[in-house]
Amino acid sequence: MSAELRSNFLRTQIQDDLDAGRVSAVVTRFPPEPNGFLHIGHAKSITVNFGLAQQFGGQCHLRFDDTNPEKESQEFIDSIQEDVRWLGYEWHGEVRYASAYFEQLYHWALHLIDQGVAYVCDLSPEEARAHRGTLTEPGQDSPYRARSVSENRDLFVRMRAGEFSDGERVLRAKIDMASPNINLRDPILYRIRHADHHQTGNEWRIYPTYDFAHGQEDAIEGITHSICTLEFEDHRPLYDWLIANLPVPHQPRQIEFARLNTSYTVTSKRKLKQLVDEAIVEGWDDPRMPTISGLRRRGYPAAAIRHFCEEVGTSRSDGIVDVAMLESAVRDELNRHAPRAMCVMRPLRLILTNLTEPLELQVPNHPADPSFGHRELILTRELLIDAEDFREDANKHFKRLVIGKRVRLRGGLVIEAESCDKDGDGRIQCVYAQCVTSVPGEDPEDGVKPKGVIHWVSADHAVPATIRQYDRLFAVPDPGKSEDLGAVLNENSLTTNASAMIEPGLANAAPEAVFQFEREGYFVADRYEHQSQRPVFNMTIGLRDTWSDPNG
RNA sequence: UGGGGCGUCGCCAAGUGGCAAGGCAGCGGGUUUUGAUCCCGCCAUUCGGAGGUUCGAAUCCUCCCGCCCCAGCCA
């Protein structure tokens, strides 16, 4: 394990297992059910499982826990694989499926029946619930609990054969109806479902429950550390009971950790679906969604997501991580890897009154990394600058263009504003300025330094672009606590700007290429809609802004 | 009010008997052709609370308080 990684209880326990010789190599697994899109919480699980395997020189499997065909589909299987790969991980061997083990699981169920520790129960779901007892009262034995082995066998075989209807019977483990742990009150192992399965078609009419399937899947695959979230802790006694009562080839160990929660985010499948169904967002991969595909479309680099997951750590205490931490990881990654470019969000004409000939400029693509090279920009007599970068007059805190004052045009000359035109309503239409230097990079000869630097594009060469600017989807830090999502939405989570102007090279950006638009933030060429004839950029995240204008 | 967990700085989180890492956020200052980045500095005499053991406790013991999870034929 590499030394610079912070310790956490998982790494410590696995190292202990290795040191004590309990395991000789580490095998983990990421076991999603293919019933939805992966989100930031899954990213945490992925980095934990694949990360642990990497750190200990082991392997990590991708296994679809597809035991409930009615909720699953091939669409999700495909998207999950794409997301895992995009995050930068490759599973060991082929993709695994719980459904590939159904025959083995069935035989193990028969084994439990033969051992007298599983029985077919005819109680209806309602009756079963009534027999289960409550948190404080023990349950009652099912009247079918004492069935003979041969009768149980006969019934279970017929369950498989499809002789009974959904819900008519189940197979249960015979453990202890009085256990204070409700998961041990004769848990259900198999239920009847006359439903076709996306992998096995109509081969099965009975499907194993999570509890019966998961540990045995782990055993079959030789998983050494079966890492899951805290809510499964109560299931561990059952997990261990099944492993102990079955002739499995291997004894996996379940360890639980606290799932990742981030502020201003909702990750419940139901609520995410609601956002999509009610068209509050434009789909599962809407850039405001916390899905992996949404984060990707937003321009969040996979490396930033991985670093974030590592930085928040892995523990057993519930908490809500400030989403600012994720944003920080994104900025950190992009600051180092995104080339710089210029985009004017609210164009205002600027005429350089004394510029007689266009000036060719070589502008660096990154201020701190020469390997990014430079691009050629043409400074023309008529430019477009951001309306917010000019004021007729302003106090000394305003480090932008003011009449009679100077600024430097990014990568170009220093200019001084002379005057401006206004329309009938007093709105500024055009600014006139003169160049006070003639060579890029030079300071004015009179020693009067520019107040600041502003970005610009050439009115002759700039290309119109659509820029989507995003803000948090929710207005409150804990939207998951609210049952009414509509009440906690940030109504301004999306602002579409169809009148932005970008420097010409940007139009040819590859889909998913991320740039820093200088002084604005990071923007990604939309994965699906960006075209050189019709550029579309999504705001990934704004630059950190520690400046607040004291005068509004 | 049964069972299982968890409580260390505003938010995460190391630490496992020897005298409180780090990150994020925040606050000062410096550099700067991005009000960005970068750099420097500040930010828990204290570890949910109260007792106890010990030369010494966030770490061990006792009691108390708070929060989370479990009564799907979901995972």
Practice prompt. By nearest nucleotide on RNA chain B, pick out whichever of G411(A) and K71(A) is the more 5' one.
Written response: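 Result: G411(A).
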Discussion item. If you assign L326(A) and P440(A) each to the RNA chain B nucleotide with the nearest heavy atom, which residue ends up on the more 5' nucleotide?
Written reply: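 The residue closer to the strand's 5' end, by nearest nucleotide, is L326(A).
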Side-chain donor or acceptor of [X] under 3.5 Å from a matching atom on the base of [N]?
| X | N | result |
| --- | --- | --- |
| H235(A) | rA75(B) | yes |
| E520(A) | rU34(B) | no |
| R400(A) | rG35(B) | yes |
| R544(A) | rU37(B) | no |

Worksheet item: Any salt bridge between E217(A) and R29(A), counting N to O under 4.0 Å?
Response: no
Discussion item. So, OP1 or OP2 of rA21(B): does either fall under 4.0 Å of a side-chain N or O from R6(A)?
Written reply: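 So the side-chain polar atoms of R6(A) never come under 4.0 Å of the phosphate oxygens OP1 or OP2 of rA21(B).
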Practice prompt. Would you tell me if any nitrogen or oxygen in the side chain of R191(A) comes within less than 4.0 Å of OP1 or OP2 on rA75(B)?
Written response: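 It does, given that an N or O in the side chain of R191(A) lies less than 4.0 Å from OP1 or OP2 of rA75(B).
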Discussion item. Please check this pair: side chain of E127(A) against backbone of S124(A), looking for a donor-acceptor N/O pair closer than 3.5 Å.
Written reply: yes
Practice prompt. Could you tell me the separation between the CG atom of D186(A) and the P atom of rC73(B), rounded to a whole number of Å?
Written response: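 One finds 12 Å between P of rC73(B) and CG of D186(A), rounded.
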Worksheet item: Among the nucleotides rG15(B), rG4(B), rA13(B), which one has an atom lying closest to any side-chain atom of S7(A)?
Response: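 From the listed options, rG15(B) comes nearest.
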Worksheet item: Heavy atoms under 4.0 Å, any strand shown: does D234(A) hit a base, just sugar-phosphate, or nothing?
Response: base
Worksheet item: Under a 90° cut-off about 0 for the syn range, is rG72(B) syn or anti?
Response: syn
